[in-house]
Amino acid sequence: MRKILNNLWSQRTNNVWLFLELIVVCFVAWTQLDPIIVRLYYRSLPSGIDGDRMVVANILSTRPYETVDESMTQEERDKQYRKREAEYVDEANVIKRQLMAIDGVEQASIADPVMGIYARTDLFESPGGFSNKLRFAWQNDTVLANDICYVKDEHFFETYGIRPIAGCETSKELSDIGHGWIVSQSLAEHFFGSAEAAINKELKAASYVGIDWGQPIVAVVNDVHVSEKDYNTWAIYSNNGPIHQGGSQNLIVLRLKPGINPRRFAEEQNYNPWNYASDNYAVASFTAYDDIGSSKNQFAVPSLSYDFNLQIATAVFFLINLCLGVIGTFWMQTKRRTEESGIMRAFGATKRRVMLMFLAEGWLLATVSMFIACVLYLNYVKMGFGELCISAHQPGTQPDPTWVADKPLHFLIVSAVVYLIILCTVLIGTAIPAAKIVRTRITNALRDE
């Protein structure tokens with residue numbers, strides 16, 4: 001170690017620039033990678049939806065877009081909108097029956113756009129960013145949970161593969177429930193301690209106009225999490241509302257029979273999707289559920305898929321350029337030390353020893369630089385110029401039990417990922433030229449000495 005420190009000090013003029021470059025690269029890498037690591041982690045969490053046999057049919061309107069009549073009163077507009085919704089449901093059921101007739105389709109359900117199922121990246125938000133959350137209360141405990149609407153006899157739970165925990169035996173029984181709340185397991189445990197204890201308890205909901213009304217809890221289902229922005233599994237399912245018309249984003253979700261490959265099914269059906277149509281609507285495309293939110297999805301919500309892809313592309317672009325710069329700098333710095341390598345080997349140092357010394361110097365520079373960059377970033381956050389990628393916790397919402405909400409652990413995990421990337425970059429920039437140097441004949445290495 002003393003020899004390594006002496007070498008670093010003797011070449012301090014060159015190493016200062018290497019040191020500063022590494023600090024800047026570590027700092028920038030931290031800011032770029034933090035949100036990506038968090039969102040990829042959330043995306044990796046089990047969704048709770050059985051998407052292995054699911055395909056989504058995107059339904060588009062074939063009639064001209066209706067402009068808003070400014071002379072209409074709000075009541076007339078609401079009436080027109082409800083009429084359009086009813087017409088859509090009737091026509092969507094026509095298309096649904098056509099889809100059910102396809103060989104290989106086991107079940108189908110018209111998706112409520114408020115549920116936002118066409119964005120696998122956020123099940124509980126609509127395309128416009130409207131969060132469909134309501135406050136629910138039990139005794140003195142009030143929480144903000146996702147309010148998910150479904151329609152009785154629409155085979156909602158069977159199609160999505162959401163399983164009962166208590167109150168019902170099968171997903172079909174869940175879909176046939178005519179009255180009462182169906183709550184997620186995590187919410188039932190929060191209020192009552194267990195799923196079984198929640199059954200028949202009356203839960204009150206506060207509507208947007210401030211009127212409290214309650215229903216008994218009739219069933220508890222498994223938690224569903226498909227958001228890549230935060231951890232959220234508190235949900236209440238109810239059939240009190242109608243299916244809404246989603247403008248340009250209307251969907252019918254299909255569950256395929258066992259043994260049918262969703263991607264292959266979607267590819268085959270996409271040859272002639274317009275064959276499935278009603279008077280004013282038609283199927284525009286089919287997409288496997290697991291491809292929703294990816295580049296294969298033809299109708300993902302831009303704010304959730306495009307934004308994330310752009311974020312990744314930007315981060316990768318900057319990191320590749322920064323890492324190539326670091327590799328090039330260390331490459332040239334190591335290559336200049338050919339004579340130094342020859343001198344050490346002339347005095348008895350083995351090739352392995354010389355190689356390890358060069359690598360150890362790179363490791364030390366990367367480690368110290370990363371430590372200083374982390375200290376700088378912590379102060380940067382404390383001064384309010386930046387922040388860790390942690391979702392703001394609203395009062396009454398579900399606490400995030402993952403490492404993301406634990407700030408010290410969050411910082412250590414992201415720092416470890418950044419450190420590994422920087423360390424690999426430095427070692428690559430050092431190892432390749434060092435391997436060539438140590439293979440050089442001593443006489444050739446010392447010819448200019």
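Both backbone and side-chain heavy atoms feed into the values below; hydrogens, waters and symmetry mates do not. For reference, positions follow the sequence shown, starting with 1.
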Exercise for the section: Quick one: closest heavy-atom pair of Lys335 and Pro433, and the distance? Expected result: N-CB, 4.5 Å

Practice task
For the residue pair Phe157 and Ile182, establish whether any side-chain heavy-atom pair is separated by less than 4.5 Å.
Solution key: yes

Practice task
Indicate the atoms forming the closest heavy-atom contact of Phe265 with Asp103, along with that distance.
Solution key: CE1-O, 4.2 Å

Problem - N/O donor-acceptor pair under 3.5 Å between Thr31 side chain and Val28 backbone - result: yes

Problem - Spacing of CG belonging to Asn232 relative to CG belonging to Asn146, to within rounding of 0.5 Å - result: 4.5 Å

Problem - Euclidean distance, Ser285 OG relative to Trp274 CH2, rounded to 0.5 Å - result: 9.0 Å

Exercise for the section: Could you tell me whether the side chain of Ile102 reaches within less than 4.5 Å of the side chain of Tyr276, counting heavy atoms only? Expected result: yes

Exercise for the section: Check the pair Val404, Tyr231 against side-chain contact (heavy atoms from CB on, under 4.5 Å), reporting the backbone distance first and the verdict last. Expected result: CA-CA 9 Å; Val404 176; Tyr231 182 92; over 6 Å; no

Problem - Candidates Ser175, Ser109, Ser171 - the one meeting side-chain hydrogen bond (donor to acceptor under 3.5 Å, both in side chains) with Glu158 - result: Ser175

Completion exercise
Here the pair of heavy atoms bringing Glu21 nearest to Thr329 is OE1-OG1, 3.2 Å

Exercise for the section: Would you mind reporting whether Ile162 and Phe156 have side-chain heavy atoms less than 4.5 Å apart? Expected result: yes

Practice task
Kindly indicate whether the side chain of Ile95, heavy atoms from C-beta on, has any atom under 4.5 Å from the side chain of Val283.
Solution key: yes

Problem - Contact summary for Val418 and Cys26, nearest pair of heavy atoms - result: CG1-O, 4.0 Å

Handout entry: Within 6.0 Å of CZ in Phe318, more than 12 heavy atoms from elsewhere
Key = no

Practice task
Would you please name every residue forming a side chain to side chain contact (heavy atoms under 4.5 Å, CB included) with Leu420, sequence neighbours left out?
Solution key: none

Practice task
Determine whether Tyr42 and His225 make a side-chain contact, defined as any pair of heavy atoms from C-beta on separated by less than 4.5 Å.
Solution key: yes

Practice task
Would you confirm whether Trp181, through its side chain, and Leu203, through its main-chain N or O, come within 3.5 Å as a donor-acceptor pair?
Solution key: yes

Practice task
Carefully, step by step, assess Gln215 and Ser238 under the rule side-chain hydrogen bond (donor to acceptor under 3.5 Å, both in side chains).
Solution key: CA-CA 10 Å; Gln215 291 188 122; Ser238 64; 5.7 Å; no

Practice task
Output the distance between atom CG (Asp223) and atom CD (Gln398), rounded to the nearest 0.5 Å.
Solution key: 7.0 Å

Practice task
Using a strict 4.0 Å threshold on nitrogen-to-oxygen distance, state whether Arg163 and Asp50 make a salt bridge.
Solution key: no

Handout entry: Trace of the side-chain contact (heavy atoms from CB on, under 4.5 Å) decision for Gln333 with Glu361
Key = CA-CA 12 Å; Gln333 177 71 7; Glu361 289 178 12; over 6 Å; no

Exercise for the section: Please lay out, stage by stage, how Gln107 and Met100 fare under the test side-chain contact (heavy atoms from CB on, under 4.5 Å). Expected result: CA-CA 7 Å; Gln107 200 51 267; Met100 284 289 293; 3.8 Å; yes

Problem - Minimum heavy-atom distance between Asn270 and Pro273, given as atom pair plus value - result: O-CD, 3.2 Å

Fill in the blank from the handout: When rounded to the nearest 0.5 Å, the distance separating CZ of Arg53 from CG of Asn261 is 12.5 Å

Practice task
Determine which pairs satisfy side chain to side chain donor-acceptor pair (under 3.5 Å) with at least one residue from residues 190-201, sequence neighbours left out, and list them in order.
Solution key: Asp141-His190

Handout entry: Point-to-point distance, once rounded to the nearest 0.5 Å, from CD1 of Ile413 to CG of Asp406
Key = 8.0 Å

Practice task
Could you walk me through whether Val220 and Glu189 pass the side-chain contact (heavy atoms from CB on, under 4.5 Å) test, one step at a time?
Solution key: CA-CA 10 Å; Val220 178; Glu189 291 174 350; over 6 Å; no

Handout entry: Check: Tyr237/Ser184 side-chain N/O donor and acceptor closer than 3.5 Å
Key = no

Problem - Gap separating the NZ atom of Lys407 from the CD1 atom of Ile390, nearest 0.5 angstrom - result: 5.5 Å

Practice task
For residues Phe19 and Leu365, determine if any side-chain heavy atom of one lies less than 4.5 Å from a side-chain heavy atom of the other.
Solution key: yes

Handout entry: Any donor-acceptor pair under 3.5 Å from Ser415 side chain to Leu412 backbone
Key = no

Practice task
Kindly indicate whether the side chain of Leu99, heavy atoms from C-beta on, has any atom under 4.5 Å from the side chain of Leu254.
Solution key: yes

Exercise for the section: Check whether any side-chain N or O of Asp34 sits under 3.5 Å from a backbone N or O of Trp30 as a donor-acceptor pair, and report yes or no. Expected result: no

Problem - Exercise: identify the closest heavy-atom pair between Ala366 and Val426 - result: CB-CG2, 4.0 Å

Practice task
Check whether any side-chain heavy atom of Tyr289 sits under 4.5 Å from a side-chain heavy atom of Pro262, and report yes or no.
Solution key: no

